[in-house]
Structures are given as C-alpha cells and as structure tokens.
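Chain letters run A, B, ... following the sequence lines, proteins first, then strands; residues in each count from 1.
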Amino acid sequence: MPSPILAPRGTYDLLPPASTLRASLEARMRVLAQGYGYGEIRTPIFEATELFERGVGEGTDIVEKEMYTFVDKGERRMTLRPEFTAPVVRAALEHKLFSVGPQRFFYIGPIFRYERPQKGRYRQPHQFGVECYGYAEPEADVEVISLAWQLVRSHGISDARLQLNSIGDAVCRERYREALLAYLRPLAPTLSEDSQRRLERNPLRVLDSKDPRDGEAVKNAPHMLEHLCDPCAQHFSTVRALLDALSIPYDVNPRIVRGLDYYTRTVFEIVSNSLGAQSTVCGGGRYDNLVASLGGPDVPAVGFALGIERFEMILSAGGAEPAPPRRGVQAIALGAQARARLLLLAQQLRERGTTVFMDLADRKVAAQFKLAERNGARAGVILGSDELATGELVVRDLVERSDVRLSLDDTEQIAAVLERMGA
RNA sequence: GUGAUUGUAGCUCAGCUGGUUAGAGCGCCUGACUGUGACUCAGGAGGUCGCCGGUUCGAACCCGGUCAGUCACCCCA
C-alpha cells in the first residue's frame, strides 16, 4: 500500500475560487506598481548560493538555517531564492542597467525558506515587492512607502499601521552599537537566554525581544535615533516631513530593526493584529550599500517586500468578501443531438467573450440546473427535442426565473438577450 | 531546530472505563417529477478510523515511532 503523496510541508495548493481571488489581487498589485512607473522583473527561482550569502549576509538566520540549497549535476551550489532583492540586483548588474540611470522594478512570485510552518508562515510564501535604484533622496523612501500604503488603503484595510525607524548608516550604526553594548553588557545576567546570545551577535535584536524578562532593560536602552549622524538625522526628518505632507500616518518605532544585513537608514514595516505572532505584512527600507557589496557601482536603493498570504489574511479578517456576481451561461442540452447543436452556440457565445458552462453527460434538466447554480451562472439556454423541432431555444434568467423563447439560429439576438441579463 | 496540540466518509464532527457489522448532519448520485434549479419524500455510493509497529483473546480507543495540520518559540513576508 503506497502512502499517498502530499504537498510538501509548509506548502499548499491554491484551488478555485481562491486562485481567482489571488489572480485579481496580483493584477491590482501590477496596476498599482505600474502606475508608479515600476516595471515587472522576473528572475530565476534559483540562484548561485553565494549570491545570498553575500547579499543577505552570512550571519543571518536566512542564510544560516533557512535556505533550500542543493548541488546540481555540474557540482554548482544552488539555492531556491529566499528573497528577491539580491537576485534583482544581480540581474540589474548582469544587464548593466545601472549604467543607464535610475531603475524601478516590481516583482511578484514565490520565495522559499526552510522554516517550521505556523500562522502566516510557509515554506513557499509569495511576495510582492518593489525596488527603486539610483536615488539617495528621501523622496525615494517616501515614494516606496506611499506605494505600499496605497495598496493597504485601496483595500479598505483599517487594521494596519505603518511603523518607521532609521537605523543609520555604517558609521553611526557602529557608534550606536557600541553605546548599546556598553549599556547592555552590565545587564546581561538579567536578560533572557535568547537575548544573551543576541548580545554579541546582533545587539540591535535585543530591542525587539518578546521575552518579558528583557522588557526592563529594553525600556531604558539608548535609542538609535539619538545616535544618528547629521546626514542620517536630516534624511530621516525629511522622510517624516514628506510623509506628513502626503497625509500618510505612521508611528516612529525605535524598536524595529530588520532581519537582513543590508539595510541602512530608513526601515519600515506595516503591521496588523490579524496575523497571529507574525505581525508584519510588509517590511522594507533603504539599502544603499547592497549594490556595491555585490560588486556593482555605488547605487543607493530603497524597497519593500509584502507577504501575499499575510495580506490575504488581513483582507479576510476584515470581513467576508462579497459573493462574486453571477456570470456566464449554462448551456443545457437534453440528448446528444441537442448537445451537438448547443456546442455550436456555445462556441459562438464564447467567441464573443461570454463564459459558457456545459455539462457533457446525459443528465436530466433538474440536475443541469443544479450545476448551473454551482457554477454561479447568470442565465441558462435550454435545448431539447421540442426546441429542435420548432427551431426555438429557451433562454432562462436564473435569477429572475423567467423564460424567453428565441430563434435558435439567431445568435445575435440570443447574445443580446443574454447580455441584457448580465450573463 | 524546540515545545504544545490535533489527525474517524468530500466537509463538520459523534463514537461510553478497549468488545466483535464504525455512525450522524451537510454535500454527492438516483428516483418520485418524457424537460425547469432554493422544498418534500424514498433509495444509493462513499471509510483498511493518517501511516508503521507494539501490548491484548480482542485496538478507532492503550503504548512507541513516523508523516501531516494547527499554534507558539527562534526568526521573518
């Protein structure tokens, strides 16, 4: 007895009608990004492992324990992409796009991370994100943030907040790190085990610890914002002023740090309460050193990544989606002869863009009406021996429950009547 | 990687302190109704109780392992 094969752990099948909702969400994301002048980029789902080691950072959890890595038949180390930014930079460098000026890209697709699944966390999640290259100006930060915020707003999501912070550049962050360490080291014995471990590796992480034992130490810790160098502080205050000018509400949250090594200056998250332990639906920020660290020119960049599954979770938490409108026509044939004739009509209607559902088994009318219900059809066209004899066909409005008889050969009129019904 | 919890029909779930033929509701199929879908009635199909092993005269139920779901930690979208 062979055991049944299931979808791999942490993955899932997207079936109708959920797949339809997903497709239309993605379509709205495309329209939005294009409206900001961003062009879609599609990169391979696997890349040289080294790209992520260098791009994301060797010390990060992603690289240390979450990558799906394999050796291909040519002995190359390959990794299923755990994020999009490094591949996008790689592609832009490979095609020398940075030598022709600023670049704006958006992407939609799956990423892969080997993690234990839980609410809002999968091994093959999907992300929508944008990347803006070539502008160090704070306007670029705000452009990217407002794009993300518009996506949230346009879906009527009220339970979402924008959190903003600056983690400085290489210079002032290092200074802050020293100050933070000087403050935390004496308190080390009072910290949670996790935070004691974080202390030397990445002390900024202690700040967003969830362990109540760290609360006291974190509360009085020095803030990054007080240690920003002048250019970074200036950048941050301009970002804030521009957000205010655009009426985009935000909270400054000095505790948000991002998980990837490449961030500089502005970092932000959009959070929601309907995501369980994962509160972040969208995370992003500036990464001015990434392009250079991957061997490219000195190109500043800002971007974000948004979790599509998490976004859908927020949408469904906001209330049940309205039932989709009834659409299309159920072609109901009684007998093989009628079915053959209806096939022709179905084809003609489909050529005009009408959705036509058709049962192909020899079922009774009643059963075929049930199928029409299940398909959400707006109208039915019925053809049996009577109609074949008289050359007429019954067009039924499935909502009004009213019938009209029309000439079977007058496709124009049939189409017109169906259109009037909204089919 | 760690911990908790769950796994019986397509779906939601019953199944007494282990006892022999595993149930319900909904859904599905057929018929009552040569050809009109939300009702009614009568039938029917569908399960090796996640999988493997152990204990026992006997296991859906107890024990071990394993796979998967869910939730949390770590971390992140």
Side-chain angles (χ1 to χ4, degrees), chain A residues 1-12 56 59-66 82-85 107-129 148 192-195 197-198 201-202 205 208-211 256-260 269-272 275-284 303-314 326 330 332-335 338 359 361-388 393-403:
Chain A
M1 179 69 183
S3 51
I5 297 171
L6 309 173
R9 179 158 217 208
T11 70
Y12 60 92
V56 178
T60 60
D61 273 39
I62 290 182
V63 170
E64 276 190 351
K65 45 187 224 198
E66 294 175 5
E83 58 116 38
F84 274 93
T85 299
Y107 53 79
I108 296 181
I111 60 166
F112 305 86
R113 292 187 194 172
Y114 191 89
E115 297 190 275
R116 238 4 218 273
Q118 70 184 71
K119 190 181 179 81
R121 166 189 279 178
Y122 301 91
R123 287 187 173 181
Q124 186 188 325
H126 297 75
Q127 291 186 336
F128 160 68
S192 63
E193 297 80 16
D194 281 333
S195 285
R197 194 161 36 75
R198 293 180 184 113
R201 277 190 47 176
N202 190 350
R205 285 242 149 270
D208 65 352
S209 166
K210 289 179 194 166
D211 197 306
I256 70 166
V257 296
R258 310 253 56 249
L260 285 54
E269 294 183 357
I270 295 175
V271 298
S272 160
L275 296 174
Q278 277 67 236
S279 53
T280 307
V281 63
C282 174
F304 69 76
L306 177 137
I308 289 180
E309 286 84 356
R310 291 186 185 178
F311 194 77
E312 288 174 333
M313 257 185 253
I314 298 175
R326 297 181 62 125
Q330 184 81 29
I332 297 176
L334 301 159
D359 180 55
D362 270 317
R363 252 180 269 271
K364 306 203 317 182
V365 212
Q368 298 201 49
F369 272 102
K370 287 190 88 167
L371 291 174
E373 288 301 311
R374 213 180 300 162
N375 289 328
R378 175 63 224 243
V381 293
I382 303 143
L383 188 68
S385 48
D386 293 0
E387 289 78 8
L388 277 176
L393 148 134
V394 174
V395 177
R396 183 173 174 87
D397 186 321
L398 293 175
V399 175
E400 303 297 327
R401 293 168 181 257
S402 58
D403 293 349

Atom [atom1] of [X] and atom [atom2] of [N]: how far apart are they, to the nearest Å?
X: L334(A); N: rC33(B); atom1: CG; atom2: C1'; answer: 14 Å
X: H126(A); N: rA77(B); atom1: NE2; atom2: C1'; answer: 12 Å
X: R374(A); N: rG27(B); atom1: CZ; atom2: C1'; answer: 9 Å
X: E387(A); N: rU34(B); atom1: CD; atom2: P; answer: 16 Å
X: R310(A); N: rC75(B); atom1: CZ; atom2: C1'; answer: 10 Å
X: R363(A); N: rC28(B); atom1: CZ; atom2: C1'; answer: 11 Å
X: I270(A); N: rA77(B); atom1: CD1; atom2: P; answer: 13 Å

Start at the 5' end of RNA chain B and walk down; is the nucleotide closest to Y114(A) or to S209(A) reached first? Y114(A)

Mapping G307(A) and L275(A) to their closest nucleotides on RNA chain B, which lands nearer the 5' end? L275(A)

For RNA chain B, report each stem as range with range, ordered by first number, or say none. Use Watson-Crick or G-U wobble pairs under 3.5 Å, at least 3 in a row. B:1-7 with B:67-73, B:10-13 with B:23-26, B:28-32 with B:40-44, B:50-54 with B:62-66

Side chain proximity check, [X] to [Y], heavy atoms < 4.5 angstrom:
X: L275(A); Y: K119(A); answer: no
X: E64(A); Y: E66(A); answer: no
X: Q118(A); Y: Q278(A); answer: yes

Between the base of rA38(B) and the side chain of R401(A), is there a donor-acceptor distance below 3.5 Å? yes

Side chain of R205(A), base of rC75(B): donor and acceptor closer than 3.5 Å? no

Which part of the nucleic acid, if any, lies within reach of [X] when heavy atoms closer than 4.0 Å are counted: base, sugar-phosphate only, or nothing?
X: G283(A); answer: sugar-phosphate
X: R326(A); answer: base
X: L371(A); answer: nothing
X: A372(A); answer: nothing
X: E193(A); answer: nothing
X: G120(A); answer: base
X: E115(A); answer: base
X: F311(A); answer: nothing
X: I382(A); answer: base

Under the rule for side chain to side chain donor-acceptor pair (under 3.5 Å), what residues qualify as partners of R197(A), not counting sequence neighbours? D194(A)

Among residues at least two apart in sequence or on other chains, which ones pass side chain to side chain donor-acceptor pair (under 3.5 Å) with E400(A)? none

Identify every side-chain donor-acceptor pair in residues 107-114 of chain A under 3.5 Å, counting partners at least two apart or on other chains, and give the distances.
residue : atom : partner : partner atom : Å
Y107(A) : OH   : F304(A) : O            : 3.4
R113(A) : NE   : P82(A)  : O            : 2.8
R113(A) : NH2  : P82(A)  : O            : 2.9

Of the candidate nucleotides [options], which contains the atom at the shortest distance from the side chain of [X]?
X: A305(A); options: rU30(B), rA77(B), rU36(B); value: rA77(B)
X: A277(A); options: rC28(B), rU36(B), rC73(B); value: rC73(B)
X: T280(A); options: rA77(B), rC71(B), rU36(B); value: rA77(B)
X: D61(A); options: rC73(B), rC75(B), rC76(B); value: rC75(B)
X: K119(A); options: rC74(B), rC71(B), rG35(B); value: rC71(B)

Report yes if at least one side-chain N or O of [X] is closer than 4.0 Å to OP1 or OP2 of [N]; otherwise report no.
X: Q278(A); N: rA77(B); answer: no
X: Q118(A); N: rC73(B); answer: yes
X: K370(A); N: rC28(B); answer: yes

Ion pair present between E115(A) and R121(A), side-chain N to carboxylate O less than 4.0 angstrom? yes

What distance, rounded to whole Å, do you find between the two [atom1] atoms, one in [N] and one in [M]?
N: rC61(B); M: rG54(B); atom1: C1'; value: 15 Å
N: rC29(B); M: rG19(B); atom1: P; value: 36 Å
N: rA32(B); M: rA24(B); atom1: C1'; value: 25 Å
N: rU8(B); M: rG46(B); atom1: C1'; value: 14 Å
N: rU5(B); M: rG50(B); atom1: C1'; value: 16 Å
N: rU40(B); M: rC26(B); atom1: P; value: 9 Å
N: rG27(B); M: rA68(B); atom1: C1'; value: 25 Å
N: rC51(B); M: rG7(B); atom1: C1'; value: 11 Å

Set out, in order, the CA-CA distance, both residues' side-chain angles and the distance that settles side-chain contact (heavy atoms from CB on, under 4.5 Å) for L334(A) and Q368(A), then state yes or no. CA-CA 10 Å; L334(A) 301 159; Q368(A) 298 201 49; 4.3 Å; yes

Is it true that E269(A) and T280(A) share a donor-acceptor pair across their side chains at a distance under 3.5 Å? yes

Do E309(A) and Y12(A) get their side chains close enough for a donor-acceptor pair, meaning under 3.5 Å? yes

Please write out the pairs of protein N or O atoms and N or O atoms of nucleotides 65-69 of chain B separated by less than 3.5 Å, giving the distance to one decimal.
residue : atom : partner : partner atom : Å
rG69(B) : OP1  : G10(A)  : N            : 3.1
rG69(B) : OP2  : R9(A)   : NE           : 2.9

Please list, pair by pair, any protein nitrogen or oxygen found under 3.5 Å from a nitrogen or oxygen in nucleotides 3-6 of chain B.
residue : atom : partner : partner atom : Å
rG3(B)  : O6   : R116(A) : NH2          : 3.3

Assess the residue pair T11(A) and Y122(A) against the criterion (side-chain contact (heavy atoms from CB on, under 4.5 Å)); give the C-alpha distance rounded to whole Å, side-chain angles, the decisive distance to 0.1 Å, and a yes or no. CA-CA 6 Å; T11(A) 70; Y122(A) 301 91; over 6 Å; no

Could you walk me through whether E312(A) and I314(A) pass the side-chain contact (heavy atoms from CB on, under 4.5 Å) test, one step at a time? CA-CA 5 Å; E312(A) 288 174 333; I314(A) 298 175; over 6 Å; no

Check the pair Q127(A) / L306(A) against side-chain contact (heavy atoms from CB on, under 4.5 Å), numbers first and verdict last. CA-CA 5 Å; Q127(A) 291 186 336; L306(A) 177 137; over 6 Å; no

Of all the heavy-atom pairs spanning P117(A) and G10(A), show the shortest one and how long it is. CG-CA, 3.9 Å

Heavy-atom donor-acceptor pair, D397(A) side chain to V399(A) backbone, under 3.5 Å: yes

